[in-house]
Amino acid sequence: MKIFSDEFINVQIEESEIPWLKIFTNENYKELTQCPKEVKEDIFRALEIIEKEMIEYYHPEKINIASFGNYVPHVHFHIMARFKEDSYFPEPMWGKKQRNANLNLPDFSKFCEIVKKV
């Protein structure tokens with residue numbers, strides 16, 4: 001689900017037990033180095049906003065930012081708030097499950113509204 005879009009990027013929700021957003025370029029660039037300067041600046045502005053708001057709203061153990069593109073060869077970034085009590089910590093969310101999650105997090109939809117306003 002898309003929560004934000006502008007001329008260069010869009011921000012989408014990744015359904016998960018943890019707060020997780022993704023930033024995609026609107027144009028289909030395969031690598032970050034192929035993006036024009038304005039697109040890169042927009043990506044990093046959004047990354048900074050999302051990271052800061054996740055830290056302030058959720059107080060996570062760590063923020064994970066990942067850029068993969070093996071299955072989807074399109075520039076995009078994953079931003080995740082990680083907690084010692086999530087199912088995979090300290091493994092990546094794509095890793096081996098460590099436990100059943102024991103999370104009691106603030107409302108994700110409210111967090112998304114905060115991000116959209118910044």
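- Counting non-hydrogen atoms of neighbouring residues, nucleotides and ligands closer than 6.0 angstrom, the CG atom of N104 reaches no more than 12 such neighbours.
- We find the CG-NZ distance between L103 and K84 to be 13.5 Å, quoted to the nearest 0.5 Å.
- The two residues A46 and I9 have their closest heavy-atom pair at CB-CD1, 3.6 Å.
- Here I49 is tied into one hydrophobic group with V118, each link being a pair of ILVMFWY side chains closer than 4.5 Å.
- The line from CD1 of I114 to CD1 of I50 is 13.0 Å long, rounded to the nearest 0.5 Å.
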Check against salt bridge (Lys or Arg N to Asp or Glu O under 4.0 Å), R45 and D6: CA-CA 12 Å; R45 180 187 61 78; D6 68 14; 3.6 Å; yes

Pair K116-E113, salt bridge (Lys or Arg N to Asp or Glu O under 4.0 Å): steps then yes or no: CA-CA 5 Å; K116 287 194 282 189; E113 290 301 318; 2.9 Å; yes

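- For the pair L47 and E51, the minimum side-chain heavy-atom distance is 4.5 Å or more.
- Partners of N64 according to the side-chain contact (heavy atoms from CB on, under 4.5 Å) rule, which considers only residues two or more places apart in sequence or in another chain, are K62, M80, R82.
- Using a distance-only test at 3.5 Å, with no hydrogens or angles considered, no donor-acceptor pair links the side chain of Q12 to the main chain of N10.
- Within the 3.5 Å criterion, the main-chain N or O of K97 finds no donor-acceptor partner in the side chain of E91.
- Not one N or O on the side chain of H74 forms a donor-acceptor pair closer than 3.5 Å with the backbone of E31.
- The aromatic ring centres of F111 and Y58 sit less than 6.0 Å apart.
- Within the model, atoms SG of C112 and CD1 of I13 stand 4.0 Å from one another, a figure rounded to the nearest 0.5 Å.
- In this structure, the side chain of S67 does not engage the main chain of F77 through any donor-acceptor pair within 3.5 Å.
- Atom CD of E48 has 12 or fewer heavy atoms from other residues, nucleotides or ligands within 6.0 Å.
- Looking at heavy atoms from C-beta onward, F108 lies out of side-chain contact with S16 at the 4.5 angstrom threshold.
- Y88 has its ring centre no less than 6.0 Å from the ring centre of W94.
- Other residues, nucleotides and ligands contribute more than 12 heavy atoms inside 6.0 Å of the CD atom of E38.
- Crowding of E27 atom CD: a count of heavy atoms from other residues, nucleotides or ligands under 6.0 Å not exceeding 12.
- Side-chain contact between R99 and N102: absent, with no pair of heavy atoms (C-beta onward) separated by less than 4.5 Å.
- Between E56 and K52 there is no salt bridge, since no side-chain nitrogen of the basic residue lies less than 4.0 Å from a carboxylate oxygen of the acidic one.
- The closest side-chain donor-acceptor pair between E17 and S87 falls under 3.5 angstrom.
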Chi angles and distances behind the salt bridge (Lys or Arg N to Asp or Glu O under 4.0 Å) call for E14, K22: CA-CA 7 Å; E14 175 72 23; K22 300 177 291 187; 2.7 Å; yes

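- In this structure, F24 and H76 have parallel ring planes: the angle between them is below the 30° cut-off, well short of the 60° mark.
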